[in-house]
Protein chains: 2
Amino acid sequence: MRSAELLRNSFIFQGLTEAQIGELTTICAEWDYPKGATVFLEGDRARGFYLVASGLVKIFKLAFDGKEQILHIFGPGEVFGEVPVFVGGNYPANAVTLEASRIVFFPKDEFLSLIGREPQIALNMLADMSLRLKRFTHLIENLSLKEVPSRLAAYILFLLEDKRGEAEVRLQISKGHLASVLGTIPETLSRIFNRLTSEGVIEVKGRNIVVLNRARLEQIAAGL
Amino acid sequence: MRSAELLRNSFIFQGLTEAQIGELTTICAEWDYPKGATVFLEGDRARGFYLVASGLVKIFKLAFDGKEQILHIFGPGEVFGEVPVFVGGNYPANAVTLEASRIVFFPKDEFLSLIGREPQIALNMLADMSLRLKRFTHLIENLSLKEVPSRLAAYILFLLEDKRGEAEVRLQISKGHLASVLGTIPETLSRIFNRLTSEGVIEVKGRNIVVLNRARLEQIAAGL
DNA sequence: CGGGTACTTGACAATGGTCAAGTGTGGTGG
DNA sequence: CCACCACACTTGACCATTGTCAAGTACCCG
């Protein structure tokens with residue numbers, strides 16, 4: 001079965017024994033979602049949580065006027081919707097696919113009983129949630145203490161981190177979604193891209209961004 | 001020893017056996033902090049996490065210009081500083097006492113080995129972190145999608161929740177700190193208190209707030 | 001009673017959001 | 001293969017909310 005391979009490579013189930021992986025595969029289910037499909041909505045009763053096998057999923061909050069704030073974008077190997085497994089029982093945000101996606105579902109009750117028997121899974125889940133809390137901490141810091149240009153600069157620098165040496169990065173999401181990730185709107189984002197370009201800090205070609213002046217970009221990310 | 005009693009009543013260690021509580025008391029240490037004392041700073045290497053025995057502690061992020069965003073305010077029975085126990089290893093934010101406080105410390109390594117043996121502690125910790133994630137989700141929603149009056153209204157309504165029937169609440173923190181909790185500054189908060197008062201929605205007497213028009217306050221919290 | 005901190009108030013500036021009208025651009029069907 | 005349509009993105013004019021700076025007032029603690 002393909003799932004076993006997938007589970008072994010996911011952050012949350014890494015380091016488990018074959019027996020543990022085997023147990024997991026017996027309780028999970030795999031589904032396909034087309035692009036733009038709703039996995040769950042805020043307030044929905046939660047029967048379990050999810051793992052992205054392939055594709056891309058956005059987790060977001062919606063304002064009454066329709067503006068959205070993206071909390072996370074998850075790709076292959078990442079889990080989402082675990083909060084209501086442990087507290088509450090309703091999803092605290094919305095989940096919608098950004099691409100056609102294959103998603104694995106783990107039912108709450110079976111998973112909880114498994115976690116009671118296998119401390120390693122609990123520890124992995126704790127690490128996963130800790131990371132999530134840390135990221136939220138950054139998001140809050142950005143939204144509350146930094147201006148949009150700083151947030152964008154920090155985002156570009158973050159994309160650059162992996163690509164050692166290179167100066168060009170490619171956005172894996174649309175600029176509209178990026179605006180929503182950064183807590184702003186497409187118009188504002190567009191103007192800031194414009195500003196950074198005319199100041200010679202970056203060059204934008206569609207979804208590709210070339211960093212021309214990294215030092216300056218780092219200044220901007222720091223808030224001047 | 002007084003700690004055992006304290007642990008039993010804390011959210012994170014509730015439902016543990018006497019033996020488990022006993023184990024915990026052997027690894028923890030208790031310290032007193034005066035008002036305004038630093039428990040840890042962002043970036044500090046973490047040797048463990050903390051439980052508030054008495055007093056009040058603020059967890060916050062600091063901007064380069066000195067503005068602060070409070071992430072949590074923790075009182076008796078609540079834990080903080082657990083994130084780096086499971087990931088990273090450095091505290092992601094600052095912790096300073098708002099009052100003279102008695103705080104219990106749990107060293108990371110001993111706690112991790114304990115958690116491996118006692119799944120119930122892991123489950124409690126998972127519930128604690130899930131709740132934390134849920135609250136962050138609200139904070140992000142507020143900062144990104146709501147204006148300051150909505151945030152204040154929601155905060156007052158939150159304080160009102162416990163007090164069934166009553167219409168008067170008391171802030172347990174200063175208005176300056178409240179501003180920092182709501183992601184704004186004292187001047188702005190002051191003006192909004194003013195506005196709500198002149199509109200007859202609330203009445204403010206020092207730290208006491210009387211809700212005169214709850215329906216209107218709920219409208220404001222919803223974003224009109 | 002005094003001093004410092006917390007809070008308030010005013011005038012102003014600026015960031016960023018709103019509304020409206022373009023300008024691409026990619027994908028689909030003829 | 002091209003035309004067209006929808007959608008993503010851009011640009012402009014405007015404005016609302018909120019932050020900045022500077023005083024002034026009130027209040028609490030010693």
Side-chain angles (χ1 to χ4, degrees), chain A residues 34-36 58 62-70 96 98-100 142-153 170-199 202-209 220 223-224, chain B residues 34-36 58 62-70 96 98-100 142-153 170-199 202-209 220 223-224:
Chain A
K35 175 176 177 173
K58 68 172 171 182
L62 218 46
F64 68 105
D65 66 357
K67 191 188 166 191
E68 67 179 46
Q69 170 66 48
I70 292 179
V96 168
L98 291 179
E99 300 174 356
N142 281 335
L143 291 173
S144 174
L145 303 173
K146 293 184 176 169
E147 298 172 350
V148 183
S150 293
R151 299 179 212 162
L152 175 58
R170 182 169 175 80
L171 301 175
Q172 53 292 65
I173 53 175
S174 74
K175 287 178 187 167
H177 281 126
L178 177 56
S180 179
V181 164
L182 298 179
T184 187
I185 56 174
E187 290 96 319
T188 298
L189 182 63
S190 185
R191 284 181 239 271
I192 291 167
F193 265 129
N194 213 317
R195 194 153 101 216
L196 292 179
T197 300
S198 65
E199 286 171 2
I202 60 174
E203 195 175 349
V204 182
K205 293 176 293 188
R207 285 198 179 183
N208 286 56
I209 300 170
I220 293 169
L224 194 269
Chain B
K35 176 176 175 171
K58 68 172 172 182
L62 219 44
F64 69 104
D65 66 356
K67 192 189 165 191
E68 67 179 47
Q69 171 66 48
I70 292 179
V96 167
L98 291 178
E99 301 173 357
N142 282 333
L143 291 173
S144 175
L145 303 175
K146 293 184 177 169
E147 298 172 347
V148 183
S150 293
R151 299 180 213 162
L152 175 57
R170 182 171 176 77
L171 302 174
Q172 53 291 66
I173 53 175
S174 74
K175 288 178 186 169
H177 281 125
L178 177 56
S180 178
V181 165
L182 298 179
T184 185
I185 57 174
E187 292 96 318
T188 298
L189 182 62
S190 185
R191 284 181 239 271
I192 290 167
F193 265 129
N194 215 316
R195 194 153 102 217
L196 292 179
T197 300
S198 66
E199 285 171 2
I202 59 173
E203 197 175 347
V204 182
K205 294 175 297 188
R207 284 198 179 183
N208 286 57
I209 300 170
I220 294 170
L224 195 267

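Reckoned from all heavy atoms, side chains included, excluding hydrogens, waters and symmetry mates. Reminder, nothing fancy here: chain letters follow the sequence lines and each chain counts from 1.
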Exercise. May I have the distance from I192(B) (atom CD1) to dG19(D) (atom P), rounded to whole angstrom?
Key: 8 Å
Practice problem: May I have the distance from K146(A) (atom NZ) to dT15(C) (atom C1'), rounded to whole angstrom? | Solution: 17 Å
Quiz item: Is it true that a side-chain atom of Q69(A) and a backbone atom of S180(A) form a donor plus acceptor pair closer than 3.5 Å?
Solution: yes
Quiz item: Taking atom C1' of dC7(C) as reference, at what distance in whole Å does atom NE2 of H177(B) sit?
Solution: 14 Å
Quiz prompt | E203(A) side, atom CD; I209(A) side, atom CD1 - distance, nearest 0.5 Å | solution = 11.0 Å
Quiz prompt | Atom-to-atom span, CZ of R151(B) to P of dT17(D) - whole angstrom | solution = 13 Å
Exercise. Answer whether the closest heavy-atom distance between the side chains of L143(A) and R151(A) falls below 4.5 Å.
Key: yes
Practice problem: Take atom CZ of R195(B) and atom P of dT17(D), then tell me their distance rounded to the nearest Å. | Solution: 7 Å
Quiz prompt | Proximity to the side chain of T188(B) - top-ranked nucleotide from dG19(D), dT20(D), dG17(C) | solution = dG19(D)
Practice problem: Output the single nucleotide from dT20(D), dT10(D), dG17(C) whose closest atom is nearest the side chain of I185(A). | Solution: dG17(C)
Quiz item: With distance as the sole criterion, do the side chain of R191(A) and the base of dT18(C) form a donor-acceptor contact below 3.5 Å?
Solution: yes
Quiz item: Roughly, in whole Å, what's the span from CZ in R207(A) to P in dG26(C)?
Solution: 11 Å
Exercise. Starting from the 5' end of DNA chain D, give me the residue, V148(B) or P186(A), whose nearest nucleotide shows up first.
Key: P186(A)
Self-check item: Side chain to side chain, H177(A) and E68(A), heavy atoms closer than 4.5 Å
Solution: yes
Quiz prompt | Side chain proximity check, L196(A) to I220(A), heavy atoms < 4.5 angstrom | solution = yes
Self-check item: d(CZ, F193(A); P, dT23(C)) in whole Å
Solution: 22 Å
Quiz item: Of the candidate nucleotides dA6(C), dT17(D), dT18(C), which contains the atom at the shortest distance from the side chain of S174(B)?
Solution: dA6(C)
Quiz item: Tell me: CZ of F64(A) to C1' of dG17(C), nearest whole Å?
Solution: 13 Å
Quiz prompt | From dG19(D), dG17(C), dG10(C), nucleotide with atom closest to K67(B) side chain | solution = dG19(D)
Quiz item: Under 4.0 Å between a side-chain N/O of N194(B) and OP1 or OP2 of dT9(C), yes or no?
Solution: yes
Practice problem: Can you check whether any acceptor in the base of dC7(C) is under 3.5 Å from a donor in the side chain of E187(B), or vice versa? | Solution: no
